[in-house]
Amino acid sequence: MVNAPVAPAWRLDLPFGMTEAWRGGIAVLRPSATPSALLRLHALLAAALAALQRPVEPRPYKAHVTLARRAVGATSPPTEPKFNWRADAGYVLVRSLPTGGGYQVLERFS
């Protein structure tokens with residue numbers, strides 16, 4: 001259970017439409033623009049972690065959906081998949097499992 005003040009859930013739309021291949025063979029789908037509400041939520045969560053003296057990811061935030069791991073050499077589709085994802089049901093705090101074995105949901109916020 002997380003005992004820190006967290007940001008309220010916001011309703012926002014993520015206009016997905018860009019595929020990328022990241023280092024280590026990670027294929028992702030990214031929004032064509034990251035909504036300011038999502039960036040504010042990320043900043044508030046980082047501030048809550050810092051207040052708890054917990055580590056905060058130093059890399060810039062990049063909204064994405066992981067499509068595949070170990071995808072070295074994969075190519076993007078001929079046309080970028082475009083769709084709008086409405087996020088309005090809250091969010092979850094997850095922990096990455098060791099060795100890229102998935103995620104564990106720690107807390108749900110609605």
Side-chain angles (χ1 to χ4, degrees):
M1 177 69 89
V2 176
N3 295 319
V6 294
W10 284 295
R11 182 180 198 154
L12 54 91
D13 291 309
L14 286 168
F16 282 98
M18 299 182 338
T19 57
E20 292 181 2
W22 290 356
R23 261 187 340 194
I26 299 173
V28 300
L29 181 62
R30 299 215 37 227
S32 52
T34 302
S36 59
L38 183 56
L39 295 173
R40 284 193 309 273
L41 175 60
H42 180 265
L44 287 168
L45 291 171
L49 285 171
L52 293 170
Q53 299 180 346
R54 303 299 302 163
V56 176
E57 173 64 58
R59 295 176 293 187
Y61 176 66
K62 290 184 179 181
H64 69 280
V65 172
T66 301
L67 299 173
R69 296 183 182 277
R70 295 182 285 285
V72 175
T75 60
S76 292
T79 59
E80 299 281 353
K82 296 191 184 306
F83 66 94
N84 190 59
W85 180 21
R86 172 155 288 164
D88 61 1
Y91 55 94
V92 296
L93 175 64
V94 298
R95 175 178 77 95
S96 296
L97 297 176
T99 66
Y103 303 95
Q104 174 188 12
V105 175
L106 300 175
E107 189 77 30
R108 294 182 186 278
F109 303 92
S110 57

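Keep in mind the model is a prediction, meaning the values are calculated, not measured. The first residue in the sequence is number 1, and the count goes up from there.
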- Query: Between L49 and V56, which heavy-atom pair has the shortest distance, and what is it?
  - Reply: CB-CG2, 3.9 Å
- Item | CG-CG distance between D13 and N84, expressed to the nearest 0.5 angstrom | 4.0 Å
- Task: Provide the closest heavy-atom pair for V72 versus G25 in the form atom of the first, atom of the second, distance.
- Result: CG2-CA, 3.6 Å
- Note on the structure: Nearest heavy-atom contact between A33 and P15 is O-CD, 3.6 Å
- Item | Those residues that, when tested against R54, pass side chain to side chain donor-acceptor pair (under 3.5 Å) (two or more places apart) | none
- Mind checking the CZ-NZ spacing from F16 to K82? Nearest 0.5 Å is all I need. 12.5 Å
- Can you name the closest pair of heavy atoms from A63 and P31 and give their distance? O-CD, 3.2 Å
- How long is the span from the CG atom in L106 to the CG atom in L93, to the nearest 0.5 Å? 5.0 Å
- Is it the case that one hydrophobic cluster holds both L45 and V92, taking links as side-chain heavy atoms less than 4.5 Å apart, direct or via other members? no
- Query: In Å and rounded to the nearest 0.5 Å, what is the CG to OG1 distance from L29 to T66?
  - Reply: 10.0 Å
- Query: How would you list all residue pairs meeting ring pair (Phe, Tyr, Trp, His ring centres under 6.0 Å) that involve residues 50-72, not counting sequence neighbours?
  - Reply: W22-H64, H42-Y61
- Transitive ILVMFWY side-chain link F109 to V105, under 4.5 Å: no
- Query: Would you say V65 and Y103 are hydrophobically clustered, going by side-chain heavy atoms of ILVMFWY under 4.5 Å?
  - Reply: no
- Item | Approximate separation, where rounding is to 0.5 Å, of R70 CZ and I26 CD1 | 10.0 Å
- Message: Just verifying a value: how many Å separate L67 CG and E20 CD, rounded to the nearest 0.5 Å?
- Response: 11.0 Å
